[in-house]
Amino acid sequence: MAKAESSVVSDLIDFLNASPTAFHAVDEAKRRVKVAGYEQIFEKGDWNLQPGKKYFFTRNYSTIVAFAIGKKYIAGNGFHIVGAHTDSPCLKLKPVSKVSKGGYLEVGVQTYGGGLWHTWFDRDLTIAGRMIIKEGKGDSASYSHKLVRIEEPIMRIPTLAIHLDRGVNDGFKVNAQSHLAPVLATAAKAELNKTAAENGPDGKPNESLNSSSIQKHHSLLLQILADKAGCKPDEICDFELQACDTQPSIVAGAMKEFVFSGRLDNLCMSFCSLKALIDATVSEKSIEDESGVRMVALFDHEEVGSSSAQGAGSPVMFDALSRITTFFSSDSQLLEKAIQKSFLVSADMAHALHPNYMDKHEENHQPKLHGGLVIKHNANQRYATNAVTAFIFREIAANKNLPVQDFVVRNDMPCGSTIGPILASGTGIRTVDIGAPQLSMHSIREMCAVDDVNHSYHHLKAFFEDFTALDAKIAVDI
């Protein structure tokens with residue numbers, strides 16, 4: 001593997017390990033674009049934009065939109081966008097997570113998305129997410145958003161011994177309500193800790209534990225979170241937390257050809273699109289001849305339908321297109337023109353052919369690991385690809401000697417969907433659905449190929465650099 005290619009994969013591993021949740025993924029993306037010279041702007045404030053400059057904003061801190069305005073941009077020109085998502089199936093803590101059964105302290109969780117929940121058993125788990133922290137008292141009190149991540153494993157979902165369920169290998173069916181609560185501690189040990197915690201180092205009662213939150217969550221858990229956040233337990237006003245695997249992402253396999261990791265769907269595409277944008281806009285010279293706007297939009301809540309204020313079903317991307325266009329001109333018709341000149345690459349991981357389940361793939365559409373990005377097709381519009389958008393994306397690859405594959409689901413199987421049809425139908429923008437091939441999708445531990453990480457990065461970078469010139473040669477609605 002060439003040094004440059006190794007660098008891309010190593011960078012992906014760092015991104016994955018820094019991003020146990022959608023909030024952390026946005027935080028890491030924000031850090032990277034700021035280093036690359038992107039200026040933060042805010043949806044609540046006024047925008048002051050200039051051709052040749054780079055900007056980004058976040059919404060809910062789980063969605064991020066970054067864009068670079070071409071030096072030759074004028075209002076009404078198109079947007080060249082790669083869209084992906086920051087969320088993955090996981091177990092999220094319930095608003096009241098305090099569960100005590102059989103002498104154990106358990107953490108109540110709810111399933112998020114369509115996970116392979118049996119893969120969460122017998123894993124070393126921890127907790128990460130965001131908290132709302134109270135700072136100060138009385139009228140001077142303020143409330144801050146703070147990310148938190150417990151590094152060490154603090155809980156586990158144990159399986160039942162085969163001796164107590166002899167038929168388990170004939171088919172293990174997970175009951176999401178009763179089987180998935182992680183064990184945090186035994187009640188006896190927690191009681192000893194509680195006694196020590198309730199009396200501070202001076203021997204006096206610890207008033208910070210006198211909070212209504214204690215009624216909702218185990219005091220032991222709150223103390224761990226407070227210690228990590230550098231606050232008192234009663235200063236934790238609310239949180240959005242989830243269970244996370246503690247095993248790090250790695251390059252693996254006998255030939256070091258795979259990436260083993262959680263959340264490849266869809267942080268792999270989020271990373272590749274973000275790095276492609278950064279490297280395609282590295283200097284003013286790189287967008288000197290660009291007449292459009294190069295953009296990446298990483299959305300939350302794709303795994304549950306995108307219907308949220310920060311999901312692809314919200315107007316977040318349309319709002320960005322509108323504000324950019326109208327900043328440079330008050331002509332209300334220019335936005336519609338811009339959208340018709342624009343192009344969206346909906347980047348979401350694809351299903352690679354599984355050697356043990358060959359019959360699950362349509363005979364002529366079997367994406368392989370190492371085979372390059374997969375163009376997804378569906379006649380019923382579960383994917384937004386059409387002949388024109390597929391050709392454009394394929395031609396960009398051909399000009400760079402990059403491999404491309406095709407995927408169609410079997411006619412006797414249901415087809416998943418992406419943010420592609422949501423954004424295409426919501427805005428009218430031309431869209432192609434693509435993704436890198438992977439195995440074990442929606443497992444706590446997934447895998448993809450090192451080569452496809454590099455193919456994805458180079459393909460998306462070429463899209464940003466070459467789309468304007470290619471699109472000028474294509475005539476459809478004439």
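- Between Ser322 and Asp319, the side chains place no donor N or O within less than 3.5 Å of an acceptor N or O (distance only, hydrogens not considered).
- Under the 3.5 Å distance criterion, the side-chain polar atoms of Ser286 are matched with a main-chain donor or acceptor of Val282.
- Closest of all the heavy-atom pairs between Lys146 and Ala229 is NZ-O, 2.6 Å.
- There is a side-chain donor-acceptor pair under 3.5 Å between His24 and Thr21.
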Ring pair (Phe, Tyr, Trp, His ring centres under 6.0 Å) for Phe239 and His217? Distances and angles first, verdict last. CA-CA 11 Å; Phe239 55 59; His217 311 286; 4.6 Å; yes

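- With ring centers used as reference points, Phe271 lies under 6.0 Å from Phe15.
- Two rings, from Phe467 and Phe343, have their centers less than 6.0 Å apart.
- Asn17 places a side-chain N or O within donor-acceptor distance of the main-chain N or O of Ser249, the cut-off being under 3.5 Å.
- Comment: Lys71 does not engage Asp289 in a salt bridge, judged by the lack of any side-chain N to carboxylate O separation of less than 4.0 angstrom.
- The ring of His80 has its center no closer than 6.0 angstrom to the ring center of Phe464.
- Between the side chain of Asp452 and the backbone N or O of His455 there is no donor-acceptor pair closer than 3.5 Å.
- Between the side chain of Arg59 and the main chain of Ala309, a donor-acceptor pair closer than 3.5 Å is present.
- No side-chain donor-acceptor contact under 3.5 Å links His351 to the backbone of Met441.
- Between the side chains of Asp300 and His85, no donor-acceptor pair of N or O atoms lies under 3.5 Å.
- For the pair Lys134 (side chain) and Ser144 (backbone), a donor-acceptor distance under 3.5 Å is absent.
- Contact detail for Thr126 and Met155: the closest heavy-atom pair is O-CE, 3.6 Å.
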Derivation and outcome, ring pair (Phe, Tyr, Trp, His ring centres under 6.0 Å), residues Trp47 and Phe42: CA-CA 8 Å; Trp47 290 8; Phe42 302 90; over 10 Å; no

Cut-off 3.5 Å, no hydrogens considered: what does the side-chain donor-acceptor table look like for residues 414-429, sequence neighbours left out?
from, atom 1, to, atom 2, distance (Å)
Ser417, OG, Arg382, O, 2.7
Thr418, OG1, Ser346, OG, 3.4
Thr418, OG1, Gly420, N, 2.9
Thr418, OG1, Asp433, OD1, 2.6
Thr418, OG1, Asp433, OD2, 3.4
Ser425, OG, Pro421, O, 2.7
Ser425, OG, Ile422, O, 3.2
Thr427, OG1, Leu423, O, 2.7
Thr427, OG1, Ile429, N, 3.3

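- A salt bridge is defined here as a Lys NZ or Arg NE, NH1 or NH2 lying under 4.0 Å from an Asp or Glu carboxylate O, and Arg31 with Asp27 fails to meet this definition.
- A parallel orientation is assigned to the rings of Phe260 and Phe258, their planes being inclined by less than 30° (bins at 30° and 60°).
- Under the salt bridge (charged side-chain N to carboxylate O under 4.0 Å, His left out) test applied with Lys53, the options Glu39, Glu290, Glu284 reduce to a single match, Glu284.
- Looking only at atom types and distance, the side chain of His218 has no donor-acceptor partner in the side chain of Gln223 under 3.5 Å away.
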May I have the step-by-step check of side-chain contact (heavy atoms from CB on, under 4.5 Å) for Leu221 and Leu93, ending in yes or no? CA-CA 12 Å; Leu221 176 60; Leu93 272 64; 4.0 Å; yes

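- For Asn175, the CG atom is densely surrounded, since the number of other residues' heavy atoms within 6.0 Å is greater than 12.
- Phe328 has its ring centre less than 6.0 Å from the ring centre of Tyr73.
- Between the side chains of Ser329 and Asp331, not a single donor N or O lies within less than 3.5 Å of an accepting N or O.
- Ionic pairing of Lys400 and Asp466 is present here: one or more N-O contacts between side-chain nitrogen and carboxylate oxygen are shorter than 4.0 angstrom.
- By the side chain to side chain donor-acceptor pair (under 3.5 Å) test, Tyr55 pairs with no residue at all, sequence neighbours left out.
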Given the rule in the salt bridge (charged side-chain N to carboxylate O under 4.0 Å, His left out) test, do Asp471 and Arg430 qualify, once you have shown the distances and angles that lead to the verdict? CA-CA 12 Å; Asp471 193 45; Arg430 291 174 293 170; 2.9 Å; yes

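- For the residue pair Tyr112 and Ser88, the shortest heavy atom distance occurs at CD2-O, 3.4 Å.
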Does the side-chain contact (heavy atoms from CB on, under 4.5 Å) test come out yes or no for Leu460 and Val345, once each step is laid out? CA-CA 9 Å; Leu460 295 175; Val345 178; 4.1 Å; yes

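- In this structure, His459 has its ring center closer than 6.0 angstrom to the ring center of Phe393.
- Within the 3.5 Å criterion, the main-chain N or O of Phe299 finds no donor-acceptor partner in the side chain of Thr63.
- Counted by atom type alone, Glu28 and Ser19 present zero donor-acceptor pairs between their side chains at under 3.5 Å.
- Without hydrogens or angle criteria, Asn77 side chain to Gly292 main chain gives no donor-acceptor distance under 3.5 Å.
- Salt bridge Asp245/Arg123: present, at least one basic N to carboxylate O contact under 4.0 Å.
- No side-chain donor from either of His377 and Thr385 sits under 3.5 Å from a side-chain acceptor of the other.
- With Lys54 contributing its side chain and Thr281 its backbone, the two residues share a donor-acceptor pair below 3.5 Å.
- The neighbour count for Gln177 CD, taken as heavy atoms of other residues, nucleotides or ligands under 6.0 Å away, does not exceed 12.
- The minimum heavy-atom distance linking Val65 with Ala320 is given by the pair CG1-CB, 4.5 Å.
- Under a 3.5 Å cut-off, the side chain of Arg294 and the backbone N or O of Ile81 do not form any donor-acceptor pair.
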